[in-house]
Amino acid sequence: MRANADTPRDARIARSFGAEGIGLCRTEHMFFEGDRITAMREMIVAREEGGRRRALNKLLPMQRADFEGIFEAMDGLPVTIRLLDPPLHEFLPHGGEETKLLARTLDMARADLNRIIESLRETNPMLGHRGCRLGISYPEITEMQGRAILEAAVRAMRRGIVVKPEIMIPLVSTVKEFDNQRAVIEDVADRVLGGMGEKISYLIGTMIELPRAALTAAQIAQSAEFFSFGTNDLTQTTMGLSRDDAGRFLPSYIDRGILADDPFQVLDTEGVGRLVGIAVEDGRRVRPNIKLGICGEHGGEPRSISFCHKLGLDYVSCSPFRIPIARLAAAHAALDA
């Protein structure tokens with residue numbers, strides 16, 4: 001039973017509720033406070049790689065400190081850290097005084113900043129330039145995050161903390177995307193661990209949140225050491241539904257018996273669940289010891305947990321405050337098996 005936790009404080013709360021690790025640490029949530037959002041925005045609007053790297057160097061110690069705090073809170077337990085996932089426009093202001101202030105802070109013409117913001121706008125951001133696609137376009141982002149994770153792990157280990165980092169590459173649809181990002185992380189690991197004179201065991205895996213990833217899991221499992229099923233996005237991409245918009249008509253679907261439940265609350269076992277089952281079976285056939293978990297909202301819902309138990313997943317991950325309910329559901333699933 002793991003928790004979704006993005007800060008050291010969240011991790012401590014999760015452990016107090018009985019979490020046996022972190023199944024999803026969303027690194028983008030670390031960028032929205034204070035000087036962090038300014039440095040993140042500086043990176044986004046940089047016109048060339050050197051400017052991006054200078055901004056990322058400001059973010060590196062902030063992320064490293066957060067990761068070290070999370071490893072400390074989860075001493076001896078696994079921590080799955082997802083690399084940057086959202087599209088970059090989500091970090092930028094959208095007009096008004098905030099844009100004016102940012103232009104002044106970054107010493108840019110407001111028209112130039114507006115031009116950059118407009119260029120990053122996407123018709124459908126959920127299917128756009130995000131996840132591993134960002135890391136492929138800008139490998140320096142993956143490098144910074146990989147360095148922050150591994151340097152934090154070494155620092156924590158030197159203080160006697162048992163660290164078990166698991167680095168998650170998001171939104172993979174082909175094994176070549178995964179291999180591209182894995183190579184970046186491994187290169188960083190060689191330089192960081194070699195330079196610090198330490199050895200640390202870590203895993204590199206992916207979030208299965210696209211139908212193609214589920215259907216080609218046998219290929220991806222040749223390189224990935226774990227799968228974490230991101231059933232929020234897997235539901236969206238499988239059913240063609242937006243979590244943000246479908247609430248307008250889903251209640252009428254349920255009232256009319258077209259759907260038995262809201263698929264964002266209770267896992268659609270016939271469709272989305274079938275894709276998860278295919279990925280589990282194919283992944284294990286290629287890599288028998290592959291670690292398998294679920295980190296979507298369904299990880300805290302009793303009927304969905306029962307389904308995951310039947311598939312033989314190793315863990316479910318949910319909000320720290322849903323852990324007691326999830327533990328009870330997992331116990332019932334085990335007794336009913």
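Taking the six-membered ring for Trp and thresholds of 30 and 60 degrees, Phe229 and Phe227 have ring planes more than 60 degrees apart, a perpendicular arrangement.
Through side-chain heavy atoms spaced under 4.5 Å, either directly or across other Ile, Leu, Val, Met, Phe, Trp or Tyr residues, Leu203 is tied to Leu24, Met168, Met207, Phe226.
Glu225 is listed as a side-chain neighbour of Ile204, based on a closest heavy-atom distance under 4.5 Å.
Residue pairs meeting the ring pair (Phe, Tyr, Trp, His ring centres under 6.0 Å) criterion with at least one partner in residues 13-60, sequence neighbours excluded, are Phe17-Phe321, Phe32-Phe91. Sorted by first and then second residue, the salt bridge (charged side-chain N to carboxylate O under 4.0 Å, His left out) pairs involving residues 281-299 (not counting sequence neighbours) are Glu166-Lys291, Asp282-Arg285, Glu297-Arg322.
Here the straight-line distance linking atom OG1 of Thr231 with atom NE2 of His298 works out to 5.0 Å at 0.5 Å rounding.
With sequence neighbours left out, the side chain to side chain donor-acceptor pair (under 3.5 Å) criterion links Thr27 to Gln145. Under the salt bridge (charged side-chain N to carboxylate O under 4.0 Å, His left out) criterion, Asp10 pairs with no residue at all, not counting sequence neighbours.
With hydrogens and angles left out, the side-chain atoms of Asn4 and Ser317 include a donor and acceptor closer than 3.5 Å.
No more than 12 heavy atoms of other residues, nucleotides or ligands shown are found within 6.0 angstrom of CZ on Arg9.
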Distance-only donor-acceptor pairs under 3.5 Å for side chains of residues 209-222, two or more places apart:
{"residue": "Glu209", "atom": "OE2", "partner": "Leu171", "partner atom": "N", "Å": "2.7"}
{"residue": "Arg212", "atom": "NH1", "partner": "Ser173", "partner atom": "O", "Å": "2.9"}
{"residue": "Thr216", "atom": "OG1", "partner": "Arg212", "partner atom": "O", "Å": "2.7"}

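We find that Glu42 and Arg54 are not joined by a salt bridge, their nearest charged nitrogen and carboxylate oxygen being 4.0 Å or further apart.
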